[in-house]
**Q** 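Would you mind keeping the following structure in view while I ask a few things?
Numbered from 1 within each chain, the chains take letters A, B, ... in sequence-line order. Computed over heavy atoms, backbone and side chain alike; hydrogens, waters and symmetry mates excluded.
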Amino acid sequence: MSEKGGKGGRSSLKSPVGNGDSSGKQKKGKKVQFDSEDIMETDTPISNGKADTPAAKGLALNPFNYISPATENDVAFRIRVLIVYILLIPTFYHDMDEGGKGDKTANGSKKPTGKGSTTAERRLDQELPPNSTCLMDCEAAEILQSIQDQMVILSQDPDIKLPISFDTGLTYAKRGGNYAKPETVKKIFEPLKKHGVSDCEICLITNICPESVDEVFAVVPALKPKMSKLRDPLRIALAELANLKEALANLKNSTT
Amino acid sequence: MFLKTQLSWNVLVPAENLDAEGLMLQRAILTRLLDDFATKKAVKDIGYFIAVTTLDRVGKGLISQQSGALLFPVDFSCITFKILPGETLEGVVHKVLKHGIFLRCGPAEKVYISHHKMAGYEYVPGENPCFVNDKGLKIENGSLVRVTVIAERYDEAEKDFRALVSLEGDFLGPV
């Protein structure tokens, strides 16, 4: 289709490579429509470099690619094509945006605003080994503490050993002094999943124990693109978490 | 971040631990698994080994013709700790140097912040060296600091991870 753009004195959009050829063949346009198709096949790789999506989309942008020589002189037809083209531009850029963000393999050069967040989220997901799931610190603390409690009895058996990282891992998991049950915390943040927040991101949020919504977006930059959708649900979840912590703190103070 | 991982290992049970009664054999398999788990400090893919949580499946044993030991394929779940690039961690300072700080984040002790990644902080030498910024925030031995992970690397020889972290960002710094 590129050669039709090459006929472009109309196609200022088209690459200059095909222009020479197509102008020569322009005179033959009516005679042999197939010639133009041949040019299209040869021109496509030259003008686009690689048969890549953006290039293909770039070609698709030029409405005159789709004009056959027969209708070339039909002004009304050309006007109709232009109108359709103008109407399609917003949807095209919307698709490009989605493609940029959704394209996890992109180097990020296309969408600089989304680059950092996509890269950060991509890294976390990439680094997760197979057959592995994220655990919240409170979840890990509960499991490790139960093992620690059983070690009182199990330590009588010299054959049973714990890894050297166990103690430091348990200390780290309990560092926040967060005694909330993992199930309760999960329920509080469950509504965020409807807005596309992954389990890994929820773990990141709960591990930091943020006090404000801005803190969440600073700590988990991958959520920034969804800021408008997530602001209210996050505010509600953080308020519930704060209430839970306060209730637990009061309970602890009352028992001591 | 803590991970829950499912692994499949082969556990070698020496012939002397074999018993006609199944219970002792199961105990032997479990203790060998725990021993192997405790010996392996860390692995590149899943991080530091913290604890075995469940024994999911024990397969059929294969007899080693040379030693007479039995090799059992075992599926189990465990908790590990892995530092992920892009993650936000909290670490305790355990070494303050002129050009940076070493933190301890869980089992990882070689988590390093370069002074280049501590914008606004100046080194204050002395008996108890520290980094101080213009707002009076101090980072010294024992301080709890929130950082973001730039990169991590596994040292096969020492079976240890090293991480490079940064204080550049909102809500990062001493907690």
Side-chain angles (χ1 to χ4, degrees), chain A residues 116-117 119-141 143-144 146-148 151 154 157-173 175-176 200 203-205 207-212 214-222, chain B residues 1-8 17 27-28 30-32 34-54 75 77-92 104-109 144 146 148-149 151-152 160 169-172 175:
Chain A
S117 60
T119 307
E121 182 180 358
R122 173 69 173 157
R123 278 177 173 175
L124 284 169
D125 290 336
Q126 258 184 338
E127 291 295 328
L128 274 184
N131 299 327
S132 292
T133 52
C134 298
L135 280 180
M136 295 185 291
D137 285 352
C138 57
E139 211 170 349
I143 296 170
L144 296 178
S146 66
I147 295 172
Q148 175 88 316
M151 279 308 292
L154 294 173
D157 188 342
D159 291 334
I160 293 178
K161 296 173 192 171
L162 284 178
I164 52 176
S165 305
F166 179 84
D167 290 327
T168 47
L170 177 58
T171 307
Y172 182 79
R175 74 190 184 285
C200 208
C203 286
L204 273 177
I205 295 169
N207 290 349
I208 295 301
C209 297
E211 293 174 351
S212 68
D214 292 334
E215 193 173 347
V216 172
F217 290 120
V219 165
V220 190
Chain B
M1 178 177 282
F2 287 99
L3 304 178
K4 188 167 188 182
T5 308
Q6 286 178 317
L7 296 174
S8 291
N17 290 352
R27 181 189 174 280
L30 188 58
T31 51
R32 289 295 300 189
L34 291 175
D35 186 53
D36 293 345
F37 191 84
T39 308
K40 276 192 184 181
K41 183 180 171 187
V43 166
K44 183 182 178 183
D45 294 336
I46 55 177
Y48 295 91
F49 290 119
I50 305 294
V52 174
T53 52
T54 55
D75 297 341
S77 299
C78 62
I79 292 180
T80 61
F81 181 84
K82 185 161 168 54
I83 297 176
L84 304 173
E87 185 187 358
T88 301
L89 289 175
E90 288 178 356
V92 177
R104 184 182 301 116
C105 297
E109 298 222 340
L144 183 65
R146 184 186 288 176
T148 184
V149 180
E152 55 88 22
D160 205 354
D170 296 331
F171 298 98
L172 297 178
V175 176

**Q** Out of B/Thr53, B/Leu34, B/Thr88, B/Asp170, return the one with the most heavy atom pairs under 4.5 angstrom to chain A.
**A** B/Thr88

**Q** Could you check if a side-chain atom of B/Ile50 sits within less than 4.5 angstrom of a side-chain atom of B/Pro107, using non-hydrogen atoms only?
**A** yes

**Q** Please state whether the side chain, the backbone, both or neither of B/Leu89 comes within less than 4.5 Å of a heavy atom of chain A.
**A** both

**Q** Please step through salt bridge (charged side-chain N to carboxylate O under 4.0 Å, His left out) for the pair A/Asp159 and B/Arg27, ending with a clear verdict.
**A** CA-CA 10 Å; A/Asp159 291 334; B/Arg27 181 189 174 280; 3.1 Å; yes

**Q** Does B/Lys41 reach the side chain of A/Pro163, with side-chain heavy atoms less than 4.5 Å apart?
**A** no

**Q** With sequence neighbours left out, what residues match A/Tyr172 under ring-ring contact (aromatic ring centres under 6.0 Å, His included)?
**A** B/Phe81

**Q** Which answer fits B/Phe2, side chain, backbone, both or neither, if we ask what part of it has an atom under 4.5 Å from a heavy atom of chain A?
**A** both

**Q** If you count heavy-atom pairs under 4.5 Å between each of A/Leu162, A/Asn207, A/Asp214, A/Thr171 and chain B, which one has the most?
**A** A/Asp214

**Q** Who passes side chain to side chain contact (heavy atoms under 4.5 Å, CB included) against B/Lys44, sequence neighbours left out?
**A** B/Tyr154

**Q** Please test B/Glu152 against B/Lys82 for salt bridge (charged side-chain N to carboxylate O under 4.0 Å, His left out), starting from the C-alpha separation and ending with a verdict.
**A** CA-CA 10 Å; B/Glu152 55 88 22; B/Lys82 185 161 168 54; 3.7 Å; yes

**Q** Given a strict heavy-atom distance threshold of 4.5 Å, which part of A/Ser146 is in contact with chain B: side chain, backbone, both, or neither?
**A** neither

**Q** Quick one: what part of B/Arg146 sits under 4.5 Å from any heavy atom of chain A, side chain, backbone, both or neither?
**A** side chain

**Q** Taking the side chain as everything from C-beta on, heavy atoms only, tell me whether B/Asp35 gets closer than 4.5 Å to B/Thr31.
**A** no

**Q** Can you tell which part of B/Ile79 gets under 4.5 Å to a heavy atom of chain A, answering side chain, backbone, both or neither?
**A** side chain

**Q** So which part of B/Val92 gets closer than 4.5 Å to some heavy atom of chain A, the side chain, the backbone, both or neither?
**A** neither

**Q** Does any backbone or side-chain atom of B/Thr148 lie under 4.5 Å from a heavy atom of chain A? Answer side chain, backbone, both or neither.
**A** neither

